Amino acid sequence: MAFWLMKSEPDVFSIDDLAQCPNGTDHWDGIRNYMARNYIRDDMRVGDQVLFYHSNAKPPHVVGLAEIVSEPYPDYTARNPDSHYYDPKSTDDNPRWVMVDVRYVGKLKHTVSLGAIKANPVLSKMMLVTHGRLSICPVTPDEWQEVLAMSEQPETR
DNA sequence: GCCAACGTTGGC
DNA sequence: GCCAACGTTGGC
């Protein structure tokens with residue numbers, strides 16, 4: 001079982017949007033970055049735990065928890081010419097992009113901002129920090145524990 | 001709204 | 001295979 005951080009812009013798809021889906025579950029489509037794709041395709045499995053992150057928020061922050069509830073499967077939006085995520089180079093025989101289904105688990109007691117994560121020496125090697133534009137980041141068990149511990153207390157300044 | 005970082009594309 | 005041009009992400 002692995003840990004992940006998955007980014008979504010709350011104006012586009014927030015954790016509340018996920019919670020309101022049937023069974024709190026939706027497919028995570030639109031990943032069009034090879035590093036992120038490889039993480040999903042090669043390493044994501046049912047039961048993996050997810051930090052749900054709101055990017056492009058003020059401030060950006062970890063807001064809640066989710067879990068992976070499907071194996072990776074082809075991202076069909078790549079085959080839809082009307083989709084924003086259409087990719088003519090992806091075919092039915094050789095799908096280029098994959099996605100998983102994600103289920104809402106719950107919200108953190110307190111959100112954990114990117115600034116607080118960057119200020120925590122324990123988290124200095126988080127891929128969220130070292131690879132700022134990657135939308136699917138692996139999280140180590142230690143990092144997972146630390147973020148959850150931080151969420152127990154409101155941030156001080 | 002700006003722009004730094006960085007991934008992708010395509011000419012050569 | 002290099003690299004310049006370009007597009008996108010996402011923090012600020």
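What you see is a predicted model, and the numbers here were worked out from it, not measured in a lab. Lettering follows sequence order; numbering is per chain, from 1. Only heavy atoms go into these numbers, but all of them, side chains included; no hydrogens, no water, no symmetry mates.
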- Donor-acceptor pair under 3.5 Å, A:Arg32 side chain vs C:dT8 base: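 Between C:dT8 and A:Arg32, which were checked side chain against base, a qualifying N/O pair under 3.5 Å is absent.
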- Item | Qualifying residue for ring pair (Phe, Tyr, Trp, His ring centres under 6.0 Å) with A:His27, from A:Tyr73, A:Tyr76, A:Tyr85 |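 Passing option: A:Tyr76.
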Whole-Å distance between [N] [atom2] and [X] [atom1]?
X        : N      : atom1 : atom2 : answer
A:Arg133 : C:dT8  : CZ    : P     : 11 Å
A:Tyr53  : C:dG10 : OH    : P     : 8 Å
A:Arg37  : B:dG7  : CZ    : P     : 15 Å
A:Asn56  : B:dG1  : CG    : P     : 13 Å
A:Ile136 : B:dG7  : CD1   : P     : 16 Å
A:His54  : C:dG10 : NE2   : P     : 13 Å
A:Leu134 : C:dG10 : CG    : C1'   : 12 Å
A:Met127 : B:dC6  : CE    : P     : 11 Å

- Given that A:Gly132 and A:Arg96 both sit by DNA chain B, which one's nearest nucleotide is further toward the 5' end?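 Nearest-nucleotide comparison on DNA chain B picks A:Gly132.
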- Query: With the threshold set at 4.0 Å, does a side-chain nitrogen-carboxylate oxygen contact exist between A:Asp75 and A:Arg32?
  - Reply: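 Looking at A:Asp75 and A:Arg32, the cut-off is met.
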- Query: Are a donor atom and an acceptor atom from the side chains of A:Tyr34 and A:Arg41 found within less than 3.5 Å of each other?
  - Reply: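 Result is no, nothing qualifies.
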Okay, side chain of [X], backbone of [Y]: is any donor-acceptor separation there less than 3.5 Å?
X       : Y        : value
A:Asp48 : A:Arg45  : yes
A:Thr77 : A:Ser83  : no
A:Lys7  : A:Leu134 : yes

- Message: For A:Glu152, I'd like to know if atom CD has over 12 heavy atoms of other residues, nucleotides or ligands within 6.0 Å.
- Response: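 Yes, the 6.0 Å shell around CD holds more than 12 heavy atoms from other groups.
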- Do any of residues 83-91 of chain A sit with a heavy atom less than 4.0 Å from DNA chain C, and if so which?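 Listed by number, there are none.
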- Indicate, with a heavy-atom threshold strictly under 4.0 Å, whether A:Lys58 touches base, sugar-phosphate, or nothing.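 A:Lys58: no heavy atom of the nucleic acid under 4.0 Å.
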